[in-house]
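Structure first, then comments.
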Amino acid sequence: MPPATLSYGETFWKEKLGDEYKKKSLTERIHLIFSLTMFLGLSLAEYLSFVFSSDIPSVKQQAGMFMGTSTTPWPPETVYNLWHDRFSRARTRLHTWVQACALEIAEEESNKLISETAFKIKIKDLTVASVKEILQPKIISDKLQQLAPFMWSLLHHFASLPNRYHRYNRAKESSSSGSEDESASSDWDDDPNEDTQTPQEKP
């Protein structure tokens, strides 16, 4: 059975290091801890796995503080951003990991939408007025934002990205206001991945 306390407590470290090391700067204390892990041949994977899987109260408390949602910025978010920004070769693996979480969230939100009573119509209560009430765009959008905030934000971001149609509208607005948007026009004419028809010319 695993120990309920750490094998090396405060008394041990007072005898080995004394209190003077507690007074050192944060950087020096971090260097001390990291150099100790290197000296002992302990990998970060082993250390972190222990921290987040241990049932020792003092360790669980530290892990809980790290995962606490009241802290700003949130520590796990800070660590993830460091991984993403500083280790470009690992981004594909990170994105694969995030996609798995995104699929889980999408499934949860989909189940909420399917079971939402506001979207269910009983034949016996079916009227033109009831159908119009359910199909009101604001009611639908409000429910989607409430029950599926992740999918809503994802679709909103996707729809708001600067695509060919948006560039065309911006160029048109600039032209009508008396100024020409040369960059938009250039994108329109020179993009080899786009056809030559404007949205108005398409059937």
Side-chain angles (χ1 to χ4, degrees), residues 44-45 47-55 59-170 172-173 184 187-188 191-195 197-203:
L44 277 177
Y47 177 76
L48 293 175
S49 294
F50 167 76
V51 170
F52 293 105
S53 64
S54 176
D55 289 323
V59 179
K60 287 185 70 174
Q61 182 182 21
Q62 290 294 319
M65 291 172 62
F66 177 83
M67 297 299 297
T69 56
S70 61
T71 306
T72 303
W74 191 42
E77 181 182 357
T78 300
V79 172
Y80 177 84
N81 288 334
L82 288 172
W83 290 344
H84 189 273
D85 296 342
R86 292 178 61 86
F87 301 92
S88 57
R89 292 184 180 180
R91 284 179 188 169
T92 300
R93 291 291 297 272
L94 287 172
H95 291 173
T96 301
W97 174 38
V98 170
Q99 286 172 17
C101 295
L103 291 175
E104 182 180 346
I105 296 171
E107 182 178 352
E108 292 175 355
E109 293 186 348
S110 176
N111 290 334
K112 288 181 181 179
L113 290 173
I114 292 173
S115 59
E116 173 56 34
T117 56
F119 293 145
K120 294 180 179 179
I121 301 176
K122 295 181 180 179
I123 300 299
K124 64 178 182 179
D125 300 327
L126 186 61
T127 63
V128 173
S130 65
V131 172
K132 288 183 176 179
E133 177 71 18
I134 292 174
L135 295 181
Q136 286 187 46
K138 187 176 188 314
I139 291 179
I140 295 176
S141 65
D142 287 348
K143 279 295 181 183
L144 286 174
Q145 291 182 69
Q146 176 188 350
L147 299 173
F150 171 74
M151 289 192 289
W152 175 270
S153 62
L154 185 65
L155 291 172
H156 182 271
H157 178 73
F158 181 79
S160 62
L161 289 174
N163 56 33
R164 180 173 180 256
Y165 182 72
H166 293 157
R167 292 200 304 270
Y168 172 79
N169 281 339
R170 284 200 300 270
K172 185 177 179 182
E173 290 173 2
D187 285 344
W188 179 270
D191 193 336
N193 296 316
E194 297 174 349
D195 56 43
Q197 285 185 300
T198 68
Q200 292 179 341
E201 293 171 343
K202 290 189 175 182

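Applying the 6.0 Å contact sphere to OH of Tyr47 captures no more than 12 heavy atoms from other residues, nucleotides or ligands.
The shortest non-hydrogen separation linking Leu82 to Phe87 is O-CD1, 3.8 Å.
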Atom pairs and distances, donor-acceptor, side-chain atoms in residues 89-97, under 3.5 Å, two or more places apart:
{"unit_1": "Arg91", "atom_1": "NE", "unit_2": "His84", "atom_2": "O", "d": "2.6"}
{"unit_1": "Arg91", "atom_1": "NH2", "unit_2": "His84", "atom_2": "O", "d": "3.2"}
{"unit_1": "His95", "atom_1": "NE2", "unit_2": "His84", "atom_2": "NE2", "d": "3.0"}
{"unit_1": "Thr96", "atom_1": "OG1", "unit_2": "Thr92", "atom_2": "O", "d": "2.9"}

Scan the side chains in residues 67-80 for donor-acceptor partners under 3.5 Å anywhere in the protein, sequence neighbours excluded, and list what turns up.
{"unit_1": "Trp74", "atom_1": "NE1", "unit_2": "Met67", "atom_2": "O", "d": "3.2"}
{"unit_1": "Trp74", "atom_1": "NE1", "unit_2": "Gly68", "atom_2": "O", "d": "3.2"}
{"unit_1": "Thr78", "atom_1": "OG1", "unit_2": "Trp74", "atom_2": "O", "d": "3.4"}

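A search for ring-ring contact (aromatic ring centres under 6.0 Å, His included) contacts involving Phe66 returns Phe52, not counting sequence neighbours. Annotation: side-chain contact (heavy atoms from CB on, under 4.5 Å) contacts of Ser53 (sequence neighbours excluded): none. With sequence neighbours excluded, the residues that form a side-chain contact (heavy atoms from CB on, under 4.5 Å) with Ser54 are Phe50, Ile56, Val59.
The structure places CD of Gln99 at 14.0 Å from CD of Glu104, a figure rounded to the nearest 0.5 Å. Expressed to the nearest 0.5 Å, how far CG of Leu113 lies from CG of Leu144 amounts to 6.0 Å. One distance of note links CD of Gln145 with OG of Ser141; it measures 5.5 Å at 0.5 Å rounding. Going from atom CZ of Phe158 over to atom OG of Ser153 covers 14.0 Å, rounded to the nearest 0.5 Å. Taken to the nearest 0.5 Å, the CD1 atom of Ile105 stands 10.0 Å off from the CG atom of Leu154.
Pairs engaging residues 106-119 under the side chain to side chain donor-acceptor pair (under 3.5 Å) rule: Glu116-Lys143 [sequence neighbours left out].
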